[in-house]
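Each chain gets a letter, A, B and so on, in the order the sequences are listed, and its residues count up from 1.
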Protein chains: 2
Amino acid sequence: MTLAEKAYVSLRKDIVEGCFAPDSPLRLADLSERYGMGFSPLREALNRLQAERLVTAESLRGFRVSARSLAEFEDALHARLLVETEALRLSIAHGDDAWEASVVAALYALRRQAGRADGDVDELKTRHHAFHRALLAACRSDWLLDFFERLYAATERYRIPALTAAGPQKRDIDAEHGAIADAVLARDTELAEQLLRDHYLRTATTIRSGMSPA
Amino acid sequence: MTLAEKAYVSLRKDIVEGCFAPDSPLRLADLSERYGMGFSPLREALNRLQAERLVTAESLRGFRVSARSLAEFEDALHARLLVETEALRLSIAHGDDAWEASVVAALYALRRQAGRADGDVDELKTRHHAFHRALLAACRSDWLLDFFERLYAATERYRIPALTAAGPQKRDIDAEHGAIADAVLARDTELAEQLLRDHYLRTATTIRSGMSPA
DNA sequence: AATTCGATAATTTTCGAAAATCATGGTTGC
DNA sequence: GCAACCATGATTTTCGAAAATTATCGAATT
């Protein structure tokens, strides 16, 4: 793996996880020290992230972490529902036994991690992502999967602060995931789509309540 | 505008227009001579294009123009229908007088150019793109507009060879554009969506017939 | 004849410095 | 007092060369 790729992975992770404040400038000298590399690989990574809308660039004024706003979150959520319901529909239509098995496995792994008291939050997030990706993986559309990844990263930036703030978590998220998996395995397209939609809308409500309507 | 931005614009245009053969390697020495700049701005542009799926990269083996295949075209077309019908619906719902005017203007400009005998094909393509963007511009979703631009570029790579091959062009594309604009201005969402869908499906048929099913 | 090996060439990747541009703070003139 | 202006420092952008890796070609070997 080249330095530029490492820079891309590290920067992306740190931005999505909120290590840099939204809208804060990403100065090359700082990044160079933080990640222990020269300017070239960092600039390449920043250009890729710019194309993914995680960072913004202004000519001769460098890069910044993309700003967050309630409007952008609502937009990303709406796009996500559009893309993921379609991808889920296709996945249910095309998925074979191996796909079903991978969904079961991803759900199992997610529950296993969620059940641990000594929660490694990082691993939990990875498995949550993996479960949602497994649901769509059989859709046979590289474009829809690409959009899913983009939107997942974009919304993750909003979800994480809401999770750590973790108010009165009345929801049984585990049950929601289970119900989606059941509907998927039963090939009940309509139900699965409805459950997925509700799942996201509930998450959205949680996040909205924790955000100032900037 | 910085050199890296110029490199991005030039490279993107040349790739979309097919100046480089699909799957051909993009060697830095060649690009450096072609565009008259050093490696740094070129690599930055290539990284952005990689994030847009117009070029692929392999570690230590450089960049290539993305390969084309019938499967990828079908995928992009399907994603396009999903994204654009939704964006069109939203645009009709939210668009104001200024938006209507911009649609009329874009259609007028497109027809004006299409009517010229001394066709500047480049300008025609620009206006065609502008018309389709104008239809969606009022959707108030940056994400959907972003996806539209991505998918437009991806499918343009297939459309252009089909156009220059220009077999028996039985379609009256001008009439199709006019009908879409009429439906949009009449705020007839269902009809507009149907016409847009038909428009793309017809284009797809033309392209399919001109492509070997690789 | 086919294959492995090694040397050479070609190419990508990375760095460090130079060039270009932007931001800051103090100074001058009104 | 205050705005315009210029020097200075900070930052981005670009280049050219060095480092690292891959591809190529021919000779030696089986």
Side-chain angles (χ1 to χ4, degrees), chain A residues 1-16 18-68 146 149 157, chain B residues 1-16 18-68 146 149 157:
Chain A
M1 197 189 250
T2 64
L3 277 179
E5 288 171 306
K6 286 190 193 124
Y8 168 76
V9 172
S10 306
L11 259 172
R12 191 173 200 279
K13 178 163 152 39
D14 289 345
I15 289 171
V16 170
C19 299
F20 303 107
D23 206 44
S24 64
L26 293 163
R27 293 224 183 71
L28 287 167
D30 298 344
L31 299 178
S32 178
E33 191 185 9
R34 179 183 176 107
Y35 298 109
M37 58 183 71
F39 290 178
S40 307
L42 288 168
R43 287 186 64 85
E44 295 193 15
L46 288 166
N47 274 287
R48 287 176 65 177
L49 293 167
Q50 181 193 4
E52 292 184 29
R53 300 175 44 133
L54 284 172
V55 315
T56 60
E58 208 173 346
S59 272
L60 297 174
R61 231 166 279 189
F63 300 88
R64 312 176 80 79
V65 181
S66 289
R68 279 191 312 209
D146 189 62
E149 294 295 345
R157 295 178 66 215
Chain B
M1 195 189 251
T2 64
L3 278 179
E5 289 170 305
K6 285 188 194 126
Y8 169 75
V9 172
S10 307
L11 259 171
R12 190 175 200 277
K13 178 162 152 36
D14 289 345
I15 289 171
V16 170
C19 299
F20 304 107
D23 205 46
S24 64
L26 293 164
R27 294 224 181 75
L28 286 168
D30 298 344
L31 299 178
S32 177
E33 191 185 7
R34 180 183 175 106
Y35 298 109
M37 57 183 71
F39 289 178
S40 307
L42 287 169
R43 287 186 64 85
E44 295 193 15
L46 289 166
N47 274 287
R48 287 176 64 177
L49 292 167
Q50 182 193 4
E52 293 183 30
R53 297 175 45 133
L54 285 172
V55 315
T56 60
E58 209 173 344
S59 271
L60 298 173
R61 232 168 278 190
F63 300 88
R64 311 177 81 80
V65 181
S66 289
R68 279 190 312 209
D146 188 62
E149 293 295 345
R157 294 178 67 215

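Distances shorter than 4.0 Å separate some side-chain N or O of Arg61(A) from OP1 or OP2 on dA23(C).
From Thr56(B), atom OG1 reaches atom CZ of Arg64(B) across 7.0 Å, with rounding to the nearest 0.5 Å. In this structure, the separation between CZ on Phe63(A) and CG on Leu54(A) is 13.0 Å, given to the nearest 0.5 Å.
Whole-Å rounding puts the Leu42(B) CG to dG16(D) C1' distance at 14 Å. In this structure, CZ of Arg43(A) is placed 17 Å from P of dT13(C), rounded to the nearest angstrom. With rounding to whole Å, Tyr8(A) atom OH is found 19 Å from dT13(C) atom C1'. Atoms CZ (Phe63(B)) and C1' (dT21(D)) sit 15 Å apart, rounded to a whole Å. Atoms CE (Met37(A)) and C1' (dG16(C)) sit 16 Å apart, rounded to a whole Å. One atom, CZ of Phe39(A), and another, P of dA19(C), lie 17 Å apart when rounded to the nearest Å. Rounding to whole angstrom units, CD of residue Glu44(A) and P of dT12(C) are separated by 12 Å. The separation between Glu5(A) atom CD and dT12(C) atom P is 15 Å, rounded to whole Å.
Taking all atoms of both residues into account, the shortest heavy-atom contact from Ala7(B) to Met37(B) is CB-SD, 3.6 Å.
Mapping Leu60(A) and Met1(A) onto DNA chain C by nearest heavy atom places Met1(A) closer to the 5' end of the strand.
Tested against Leu42(B), the residues Asp30(B), Asn47(B), Leu28(B) include a single side-chain contact (heavy atoms from CB on, under 4.5 Å) partner, Leu28(B).
Note on Thr2(A): only backbone sugar-phosphate atoms sit closer than 4.0 angstrom, heavy atoms only; bases stay farther off. Among the atoms of the strands shown, only primed sugar atoms or phosphate atoms (P, OP1, OP2) are found under 4.0 Å from some heavy atom of Leu26(B). Leu28(B) comes within 4.0 angstrom of a base, heavy atoms only.
Under a 4.0 Å N-O distance rule, the pair Asp23(B)/Arg68(B) does not qualify as a salt bridge.
For Arg27(A), taking side-chain heavy atoms from C-beta onward, the closest of the listed nucleotides dC15(C), dT11(D), dT14(D) is dT11(D).
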